[in-house]
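Reading through the structure tokens given below for one structure.
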Amino acid sequence: MKQAPRIRPLVLSVQLALTAFVPAAYASQILEDSGHTIVDGREFDTGTETRLAGIAMLASGSGQLKGENVTARSGGELVTTVTALQGGQIELSQSNVWATGQGSWSVVAYDAGRVTLVDSLIEASGGEGHAVVAQKGGIASLDGSRAHSALGIAALAMGTGSTLTASDTDFANDVDGYATVSALDGGQVSLAGGTVAALGAAAAVMAEGEASSVAAQRTIIKSTANSSGTATSGGAVALGGGKVKLDGVAVSTEGTDASALVAQGAGSRLDAIDSQVDTSGAGSMGADARNGGTIALQDTNVHTTGGDAVGGCAYGVGSSVTTKGGSITTAGPSTYGASAYNEGSVLLDGTAVTTQGAYSSAVAAGGGGTAVVQSAVLATTGEYADGVAVYSTGKAEATDSKITTSGANAYGVYADGGPALLSNTSIETAGDYAAGLGASRAEGRIEATDNTVNTHGIPAYAAHAYDEGVVTIDKSQLATHGEYAHGLIATDGGSLRIADSSVTTDGAMAHGGMVSWGGQLHMSDSGITVSGDDAAGIIASGPEARVGAGRTTVLVSGEGDAAVGVMVMSGATARLADGSSVTVEGSGRYNHAVAVRSTL
């Protein structure tokens, strides 16, 4: 990663060179070390002079320079065109400052020096040439100005005590690898209004290093280039313990792999309040916390439109993304609303999450990651876009929330190798094969308490446990509305445990419970009600399929030959005890309360 070169030795020797008079060889300069000089309308141009001879304006000690409609220009290498150091002060308004040489900086405030620019233009066009720099306790202030660097940083605060403040000022740079506005090594940057634009593969705003910070209010931050493949690319970036705070800010990126908000490394933190975040490139995440970084969003809206552009991603031990209020919207394929992987964590509190692409779950956790959802609204429209998805060793929790999916095979909650814990949450699916709850593999389990589940697909099960997955449901209401949409289904070693809950189906051949091939269904203090034609209350089929029910009622009211209460066949077993009852009200030919073709 490129960083700003350290201040050159020339500024340390400037004070020794100052005299009460301007040397004849430097007639295009003005050097002030003790007095207060007005330079209105003056022009200072050092041509191609380098280093000390190239400085156009310098104030040091108690010296002050003040001017309106001033032009300061240098074309030599390693020059600081306008420089205030060791307590010196320079104030310019409606002025122009240029540095065009290699490694030359336009404006520098150094070692307690102070530079103030109002309604002015600052340009740096040479290689590694920076527009405005505050260093070693220097203070730079801009108001209503424009600072641009073609091949370097537009605004930089570097070192403890160095500050750069800007009001209604526009910053831009064009080069790869250098942030447009940067705070390094304890430097502080404060922006109010204005714009920050990165036209190269770099961050628009960056704070790097402990105690470094950038704060922005009402600012427009944008990056238009593709990423260079490093964390330094994107909208606003915190690295190595740096801090970024955004309030009422609009952040947007247009390039590939150019995330809008980035916090990387332990201690790095980015906070955004009442802000808008947009990305349009593939792989360009809205909020990306990695390797211990933290991102906290409050009343902030995140919108991504590229493929694989996750709304909020936490990746790596100690990494976290938290949201309070606001919204996350994604519109690309394979684009989660929020994801937690590799022991990262995501917390969504009162946030609305909407995804529109295939395989774009609203919330996903895997690889030891944890996702927590509370008082949130999750909605997906693409196929295989689950409301909440948990993969290998991940974990998810949803409380007091609402989950809806409308795509085919889009489960409300899917646990595949990790646990999902649900409470007081409503789940509704509207796609074919879109189960409300689904768990697979030995580690895949769902624990649901005080929830409602409704499905509207063919066949969209309310709860599905398979391949040794486990679904445990307590004090909940489950209903399906579609042909073959069984309320409960356990297959291939999957297990369903239902307590104090109700299961309702109204579609043709939509059985209340279906257990086969080693699946298990255990019910207590619960009820099954089916009303579709040829729909049975419970069917157990195949070797090692098991059904056990206590204090459970089964009511079947549909027509058709298969409308039976409980059917057991092909080596399955079922046990109904402790006050359980089976009632069949239909008029089919085989509408028995219990039909046994195996063991009961």
Side-chain angles (χ1 to χ4, degrees), residues 412 427-438 452-465 471 473 476-491 496 498 500-517 519 521-542 545-570 572-576 579-598 600:
I427 298 166
E428 187 162 1
T429 71
D432 291 344
Y433 300 97
L437 307 174
T452 61
V453 177
N454 280 274
T455 70
H456 303 267
I458 305 173
Y461 314 130
H464 186 192
V471 178
I473 298 172
S476 298
Q477 296 78 47
L478 290 72
T480 70
H481 310 279
E483 294 180 0
Y484 302 99
H486 311 317
L488 308 170
I489 180 167
T491 62
L496 292 167
I498 315 299
D500 198 17
S501 298
S502 64
V503 179
T504 304
T505 73
D506 58 21
M509 292 168 284
H511 309 311
M514 181 76 180
V515 182
S516 64
W517 299 107
L521 171 60
H522 303 277
M523 301 187 69
S524 63
D525 301 299
S526 299
I528 292 177
T529 302
V530 299
S531 57
D533 292 345
D534 291 311
I538 298 174
I539 293 181
S541 175
R546 301 286 186 268
V547 174
R551 299 178 301 280
T552 295
T553 61
V554 178
L555 173 62
V556 177
S557 60
E559 303 296 331
D561 294 343
V564 300
V566 178
M567 179 178 289
V568 183
M569 55 186 176
S570 304
T573 62
R575 175 183 173 83
L576 280 69
S580 297
S581 65
V582 179
T583 303
V584 176
E585 297 178 346
S587 58
R589 182 171 45 164
Y590 303 115
N591 60 341
H592 307 299
V594 178
V596 181
R597 297 182 184 176
S598 180
L600 177 64

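Ala465 meets the side-chain contact (heavy atoms from CB on, under 4.5 Å) test with Val471, Leu496; sequence neighbours excluded. Applying the salt bridge (charged side-chain N to carboxylate O under 4.0 Å, His left out) criterion to Asp533, with sequence neighbours excluded, gives no partner residue.
For the pair Ala463 and Ile473, the tightest heavy-atom approach, listed with the atom from each and the gap, is CB-CD1, 3.9 Å. The two residues Thr455 and Ala435 have their closest heavy-atom pair at CG2-C, 4.3 Å. The minimum heavy-atom distance between Ala460 and Gly431, with the atom names listed, is CB-O, 3.8 Å. Considering every non-hydrogen atom in both Arg546 and Thr573, the closest pair reads CD-OG1, 2.7 Å. Nearest heavy atoms, Gly558 versus Ala563: O-CB, 3.4 Å. The two atoms that bring Val554 and Gly565 nearest to each other are CG1-O, 3.8 Å, heavy atoms only.
Between His464 and His486, the closest side-chain pair of non-hydrogen atoms is not below 4.5 Å. Val556 places none of its side-chain heavy atoms less than 4.5 Å from the side chain of Val564. You'll find the side chain of Ile427 reaches within 4.5 Å of the side chain of Leu437, heavy atoms only.
Between the side chain of Asp432 and the backbone N or O of Ile458 there is at least one donor-acceptor pair closer than 3.5 Å. No donor-acceptor pair closer than 3.5 Å links the side chain of Ser501 to the backbone N or O of Gln477. Between the side chain of Ser580 and the backbone N or O of Thr553 there is no donor-acceptor pair closer than 3.5 Å.
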Run the side-chain donor-acceptor check on residues 506-517: report pairs under 3.5 Å with partners two or more places apart or on a different chain.
residue, atom, partner, partner atom, Å
Asp506, OD2, His481, ND1, 2.8
His511, ND1, Ala536, N, 2.9

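In this structure, Ser524 OG and Ile498 CD1 are separated by 9.0 Å, a value rounded to the nearest 0.5 Å. To the nearest 0.5 angstrom, His522 atom NE2 is 12.0 Å from Thr552 atom OG1.
Here the options are Val584, Val582, Thr529, the test is side chain to side chain contact (heavy atoms under 4.5 Å, CB included), and the partner is Leu555; only Thr529 passes. Checked against Thr505 for a side chain to side chain contact (heavy atoms under 4.5 Å, CB included), the options Leu488, Thr480, Ile528 give a single hit: Thr480.
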